[in-house]
> 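Can you read through this structure? Questions will come right after.
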Amino acid sequence: MPDAHDGLVPALVRVGQQKGQLRWFSVIPRTGEWVNHAPRGWPRDDYEVEWVLHWAWNPEDPLDERPEVTVEICLVDPG
């Protein structure tokens, strides 16, 4: 798992079908909300959240087998 960053939650953020980027959030946005983001090769702008996927890991699994990120956020592709 990534190191804790003052209570922030890591999430993989992507626009449409682009490859995602790791971002840290104090509050995970919900579908229909807007986030300010700068995808690779795109200008920083406000993007609408299309969907959010959360998945769980087994707390009994060893620490080294837990996923680094358990939230994926897909933003609406403005194109």
Side-chain angles (χ1 to χ4, degrees):
M1 287 182 80
D3 296 330
H5 287 357
D6 296 324
L8 298 178
V9 178
L12 186 65
V13 180
R14 62 188 177 94
V15 176
Q17 297 300 316
Q18 288 186 359
K19 185 176 177 179
Q21 295 174 263
L22 182 66
R23 271 206 48 199
W24 294 85
F25 290 88
S26 56
V27 176
I28 298 296
R30 294 183 276 182
T31 300
E33 294 183 341
W34 293 79
V35 295
N36 192 270
H37 183 58
R40 287 183 191 97
W42 293 42
R44 176 169 291 282
D45 203 350
D46 291 331
Y47 294 87
E48 184 179 2
V49 176
E50 185 170 9
W51 52 260
V52 178
L53 174 67
H54 299 257
W55 62 91
W57 44 265
N58 184 347
E60 295 178 6
D61 285 346
L63 285 175
D64 63 339
E65 292 183 14
R66 293 181 186 170
E68 290 187 14
V69 179
T70 60
V71 176
E72 183 175 352
I73 299 169
C74 182
L75 306 177
V76 173
D77 186 342

> Would you call Pro39 and Gln21 a side-chain contact if the rule is heavy atoms closer than 4.5 Å?
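In short, these two side chains touch, coming nearer than 4.5 Å.
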> Considering only residues two or more places apart or on different chains, which pairs with a residue in residues 28-48 satisfy salt bridge (Lys or Arg N to Asp or Glu O under 4.0 Å)?
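Of all non-adjacent pairs touching residues 28-48, those that pass salt bridge (Lys or Arg N to Asp or Glu O under 4.0 Å) are Arg30-Glu33.
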> Same cluster or not: are Trp57 and Leu53 linked, directly or through other Ile, Leu, Val, Met, Phe, Trp or Tyr residues, by side-chain heavy atoms under 4.5 angstrom apart?
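As far as the 4.5 Å side-chain criterion goes, Leu53 and Trp57 are not connected within one cluster.
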> Taking distance alone, no hydrogens or angles, what donor-acceptor pairs closer than 3.5 Å link side-chain atoms of residues 69-79 to residues at least two apart or in another chain?
| unit_1 | atom_1 | unit_2 | atom_2 | d |
| --- | --- | --- | --- | --- |
| Glu72 | OE2 | Arg14 | NE | 2.7 |
| Asp77 | OD1 | Gly79 | N | 2.9 |

> Could you grab the distance from atom CD1 of Ile28 to atom NE2 of His54, nearest 0.5 Å is fine?
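Between atom CD1 of Ile28 and atom NE2 of His54 there are 6.0 Å.
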> What residues form a side-chain contact (heavy atoms from CB on, under 4.5 Å) with Asn58, not counting sequence neighbours?
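Listed in chain order: Glu60, Asp61.
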> Check whether any side-chain heavy atom of Glu65 sits under 4.5 Å from a side-chain heavy atom of Leu63, and report yes or no.
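Glu65 vs Leu63: side chains apart.
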> Answer yes or no: is there a side-chain heavy-atom contact under 4.5 Å between His37 and Val13?
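They are in side-chain contact.
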> Specify the closest pair of heavy atoms between Pro29 and Val52, including all atoms of both residues, with the distance to one decimal.
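Between these two residues, the closest heavy atoms are O-CG2, 3.2 Å.
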> Hydrophobic clusters here meaning ILVMFWY residues chained together by side-chain heavy-atom distances under 4.5 Å, can you tell me if Val49 and Trp42 are in one?
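Hydrophobic grouping puts Val49 with Trp42.
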